[in-house]
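In the text below, chain A, chain B and the rest are named by the order of the sequence lines, each starting its count at 1. It should be emphasised that the depicted structure is a prediction, and the values quoted were computed from it without experimental measurement.
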Amino acid sequence: MAAEPVRPYAREDRPGSAVKKLGRSFYARPAIELAPDLIGKILVHRIGRKEYRARIVETEAYIGQHDLACHASKGRTNRTEVMFGRPGHAYVYFIYGMYDMLNVVASDVDDAQAVLIRAAEPLNGWNVDLSGPGKLARAMHITRRANNGVDLTGKKLFFIDAGAPRPKISRSKRVGVDYAGRWKHALLRFFDAGSPFVSRIRPMSGKRQGEEATR
DNA sequence: GCGTCGATGGCA
DNA sequence: GCCATCGACGCG
């Protein structure tokens with residue numbers, strides 16, 4: 001296991017820096033817009049003196065109660081409550097008995113949309129595999145217990161825009177949602193077309209998933 | 001390289 | 001009884 005990174009300095013905290021923390025308005029729009037715009041942004045998690053930092057390369061949009069792949073399609077429950085709340089908060093859930101998943105609440109109050117963070121490129125010389133939502137959350141120490149419902153405009157867990165140009169983005173079907181009826185076909189997974197840090201295309205069926213370039 | 005399967009626990 | 005996963009294992 002590679003040594004964990006210690007916070008060097010934080011440009012986004014300096015007055016006048018071009019690097020800026022994403023604010024509420026960035027998140028307050030449909031997940032289908034937010035998901036591709038989060039590609040290339042940097043996720044930061046601070047715990048004590050440690051800082052975990054990674055560049056997002058893959059996301060999925062879950063677009064509301066009518067989307068059968070979206071947890072909110074089950075209605076408002078203790079689990080899904082934060083998705084019905086304000087945008088710009090973390091929806092972290094626990095699944096398969098061992099994995100936590102980080103999602104970003106999008107849209108607006110009562111419109112339960114979210115973006116799943118699926119893969120990222122570790123930064124600051126951090127040598128770790130973040131290609132998959134379970135691995136990403138585990139390596140960055142993001143858990144349902146500690147982080148579900150936290151405000152992403154706060155000081156502990158947030159995204160920043162480092163001013164990098166928008167990468168070429170491809171899209172495909174979402175991973176692992178075969179139960180979702182016609183929604184399983186929707187092209188709501190977005191990824192940096194040139195990044196080697198994207199999670200592997202899901203096995204099964206021998207065929208490549210339909211992928212098409214955008215933008 | 002590709003398919004199959006078990007681990008493991010919260011949730012409806 | 002599912003499940004927005006992962007990694008180990010068997011095959012060839």
Side-chain angles (χ1 to χ4, degrees), chain A residues 1-2 27 30-36 38-39 43 54 56-85 87 89-107 111-122 127-149 152 157 170-192 196-211:
Chain A
M1 185 61 115
Y27 302 105
I32 199 167
E33 293 177 23
L34 178 60
L38 279 170
I39 307 289
L43 172 63
I56 305 305
V57 299
E58 179 180 342
T59 60
E60 283 176 357
Y62 290 83
I63 62 176
Q65 288 193 264
H66 60 291
D67 173 5
L68 297 182
C70 183
H71 289 173
S73 67
K74 308 274 192 188
R76 194 186 280 255
T77 66
N78 284 338
R79 184 203 206 190
T80 61
E81 189 62 32
V82 295
M83 246 199 298
F84 289 84
H89 288 250
Y91 167 44
V92 185
Y93 64 87
F94 185 77
I95 196 164
Y96 298 126
M98 46 186 112
Y99 296 106
D100 290 286
M101 304 277 172
L102 172 63
N103 298 254
V104 174
V105 177
S107 191
D111 182 19
Q113 302 196 33
V115 175
L116 171 65
I117 306 301
R118 281 195 55 87
E121 170 184 353
N127 181 22
V128 70
D129 181 7
L130 303 178
S131 63
K135 288 188 283 191
L136 184 152
R138 186 178 55 197
M140 297 192 74
H141 296 262
I142 293 165
T143 64
R144 179 184 66 83
R145 294 282 298 261
N147 302 288
N148 188 37
L152 296 173
L157 183 65
S170 295
R171 56 194 290 185
S172 75
K173 297 176 185 179
R174 292 173 292 187
V175 173
V177 296
D178 286 349
Y179 60 88
R182 68 189 182 87
W183 285 96
K184 74 182 184 186
H185 304 297
L187 299 177
L188 293 174
R189 171 173 171 253
F190 300 86
F191 55 98
D192 179 340
F197 297 95
V198 169
S199 73
R200 81 189 136 89
I201 305 302
R202 189 174 177 75
M204 304 224 17
S205 89
K207 288 183 177 176
R208 286 287 163 214
Q209 294 187 0
E211 288 179 4

**Request:** Return no unless some side-chain N or O of A:K135 is found under 4.0 Å from OP1 or OP2 of C:dG7.
**Result:** yes
Integer-rounded Å distance: [N] [atom2] and [X] [atom1]:
X	N	atom1	atom2	result
A:D100	B:dA7	CG	C1'	15 Å
A:M101	B:dG9	CE	P	15 Å
A:N103	C:dT5	CG	C1'	14 Å
A:Y179	B:dA12	OH	P	14 Å
A:E60	C:dA4	CD	P	10 Å
A:M98	B:dT8	CE	P	6 Å
A:R118	C:dA4	CZ	P	11 Å
A:D178	B:dT4	CG	P	13 Å

**Asked** Say you draw a straight line from CZ of A:F84 to CG of A:D111; how long is it, rounded to the nearest 0.5 Å?
**Response**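 Here the rounded value is 9.0 Å.
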**A:D192: side-chain hydrogen bond (donor to acceptor under 3.5 Å, both in side chains) partners, not counting sequence neighbours** =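 Checked A:D192 against side-chain hydrogen bond (donor to acceptor under 3.5 Å, both in side chains); matches are A:R55.
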**Over-ring placement of A:R79 relative to A:Y93, 6.0 Å and 45° cut-offs** = yes
**Asked** Any cation-pi pair here, A:R145 with A:F94, using under 6.0 Å and within 45°?
**Response**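 Ring-cation test returns no.
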**A:Y96 ring over C:dT5 six-membered base ring, under 5.5 Å and 30°** = yes
**Message:** Applying side chain to side chain contact (heavy atoms under 4.5 Å, CB included) to A:R138 and A:V128, what does each step give before you reach the verdict?
**Reply:** CA-CA 11 Å; A:R138 186 178 55 197; A:V128 70; over 6 Å; no
**Prompt:** Which of the following nucleotides, C:dA4, C:dG7, B:dC11, is nearest to the side chain of A:Y62?
**Reply:** C:dA4
**Asked** Of A:Y99 and A:R144, whose nearest nucleotide on DNA chain B comes first from the 5' end?
**Response**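 Checking each residue's closest nucleotide, the 5'-ward one belongs to A:Y99.
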**Request:** Please report the shortest heavy-atom distance between A:A114 and A:A31, naming the atom on each side.
**Result:** O-CB, 3.7 Å
**Prompt:** Which atom names give the shortest non-hydrogen contact between A:M101 and A:I95, and what distance separates them?
**Reply:** CE-CG2, 3.7 Å
**Item:** Under 3.5 Å on both distances, the Watson-Crick or G-U partner of B:dG3
**Value:** C:dC9
**Prompt:** Which base sits across from C:dA4 as a Watson-Crick or G-U pair, both distances under 3.5 Å?
**Reply:**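 None - no nucleotide pairs with C:dA4, as no candidate has both distances under 3.5 Å.
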**Request:** Could you list by number each residue of residues 71-83 of chain A showing a heavy-atom separation from DNA chain C of less than 4.0 Å, or answer none if no residue does?
**Result:**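 Contacting residues: A:H71.
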By the 4.0 Å heavy-atom rule, please label [X] as base, sugar-phosphate, or nothing.
X	answer
A:R138	sugar-phosphate
A:F94	sugar-phosphate
A:G134	sugar-phosphate

